[in-house]
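Report on one structure; see the data block that follows.
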Amino acid sequence: VQLQASGGGLVQAGGSLRLSCAASGRAFRSVPMGWFRQAPGRERDFVAAISWSGGTTYYADSVKGRFTISRDNAKNTVYLQMNSLNAEDTAVYYCAAGGLNGSRRPHEYRYWGQGTLVTVSS
């Protein structure tokens, strides 16, 4: 599975962005997916995850109610809709595949995209 993340950019506080992660390979449709983020000088943190079917989602407390993860298996794509962004959301966002369902641990994911930078100005 190869992953390509996109959709990052510069946004004002309170604004929204939608990240996309396009995957190659039919195996995508059978694996859980996740989004992580890494701010400068910090560890890679869990943001959200979704089951292979899209029926179950998981969120970090810091984004719950503001971010929504979804997937379209017909398009081999997973999305992260981010609303009410604030400066603390500034980070490089990575999509990942192949982890255990709902896993919040980066090392449990087998495949990673290259990351897309989200910058929120206050």
Side-chain angles (χ1 to χ4, degrees):
V1 177
Q2 292 184 328
L3 306 173
Q4 180 74 35
S6 62
L10 175 64
V11 63
Q12 289 188 333
S16 299
L17 280 176
R18 188 175 81 155
L19 306 183
S20 299
C21 177
S24 64
R26 294 172 61 184
F28 165 84
R29 303 175 185 180
S30 61
V31 298
M33 299 287 294
W35 284 96
F36 290 77
R37 65 187 181 186
Q38 188 166 17
R42 298 190 61 174
E43 295 183 348
R44 192 166 296 188
D45 293 327
F46 170 77
V47 176
I50 190 167
S51 63
W52 70 269
S53 68
T56 306
T57 55
Y58 311 82
Y59 296 95
D61 288 343
S62 59
V63 307
K64 200 172 295 184
R66 300 187 299 123
F67 290 12
T68 302
I69 188 171
S70 62
R71 68 190 296 164
D72 185 339
N73 285 347
K75 296 182 179 180
N76 276 16
T77 302
V78 64
Y79 304 97
L80 185 68
Q81 177 66 43
M82 305 186 295
N83 300 327
S84 302
L85 286 161
N86 58 61
E88 293 181 348
D89 296 317
T90 295
V92 176
Y93 283 71
Y94 298 90
C95 59
L100 299 175
N101 218 18
S103 173
R104 298 168 183 251
R105 300 183 177 91
H107 70 270
E108 292 182 352
Y109 287 81
R110 183 173 182 183
Y111 305 101
W112 289 86
Q114 85 290 0
T116 184
L117 176 63
V118 172
T119 304
V120 183
S121 63
S122 56

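Tyr58 does not carry Arg104 over the face of its six-membered ring by the limits of under 6.0 Å from the centre and within 45° of the normal.
Heavy atoms only, all atoms of each residue included: Asn73 and Arg29 are closest at O-NE, 3.1 Å. Shortest non-hydrogen contact noted between Tyr94 and Gly113 is CD2-O, 3.6 Å. Minimum interatomic distance between Ala13 and Ser122 (heavy atoms only, all atoms of both residues): CB-CA, 4.2 Å. The two residues Gln38 and Arg42 come nearest to each other via the heavy atoms NE2-O, 3.0 Å. Counting all heavy atoms, side chain and backbone alike, Ser103 lies closest to Ala49 at O-CB, 4.4 Å. Between Ser84 and Ser16, the shortest heavy-atom distance links the atoms N-OG, 4.3 Å.
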Handout entry: Test ring-ring contact (aromatic ring centres under 6.0 Å, His included) applied to Tyr109 and Phe36, step by step
Key = CA-CA 11 Å; Tyr109 287 81; Phe36 290 77; 5.2 Å; yes
Practice task
Take Trp52 and Asn101 through the side chain to side chain contact (heavy atoms under 4.5 Å, CB included) test and state the conclusion after the steps.
Solution key: CA-CA 8 Å; Trp52 70 269; Asn101 218 18; 5.6 Å; no
Problem - Worked verdict on Ser20 versus Lys75 for side chain to side chain contact (heavy atoms under 4.5 Å, CB included) - result: CA-CA 11 Å; Ser20 299; Lys75 296 182 179 180; over 6 Å; no
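No donor-acceptor pair closer than 3.5 Å links the side chain of Gln114 to the backbone N or O of Gln4. The main-chain N or O of Ala5 is never found under 3.5 Å from a side-chain atom of Thr116 such that the two would form a donor-acceptor pair. Between the side chain of Arg71 and the backbone N or O of Gly54, no donor-acceptor pair lies under 3.5 Å.
Heavy atoms from other residues, nucleotides or ligands lying under 6.0 Å from CD of Gln2 number 12 at most. Taking a 6.0 Å sphere around CZ of Arg110, one finds it holds 12 or fewer heavy atoms contributed by other residues, nucleotides or ligands.
Under the disulfide bond (SG atoms under 2.5 Å apart) criterion, the residue pairs touching residues 9-100 are Cys21-Cys95, with sequence neighbours excluded.
The CZ atom of Arg44 lies 13.5 Å from the NE2 atom of His107; values are rounded to the nearest 0.5 Å. The CG atom of Leu10 sits 9.0 Å away from the CG atom of Leu117 when rounded to the nearest 0.5 Å.
When hydrophobic residues (I, L, V, M, F, W, Y) are linked wherever their side-chain heavy atoms come within less than 4.5 Å, the members clustered with Ile50 are Val1, Leu3, Val11, Leu17, Leu19, Phe28, Val31, Met33, Trp35, Val47, Tyr59, Val63, Phe67, Ile69, Val78, Leu80, Met82, Leu85, Tyr93, Tyr111, Val118, Val120.
At least one side-chain heavy atom of Ser62 sits under 4.5 Å from a side-chain heavy atom of Arg37.
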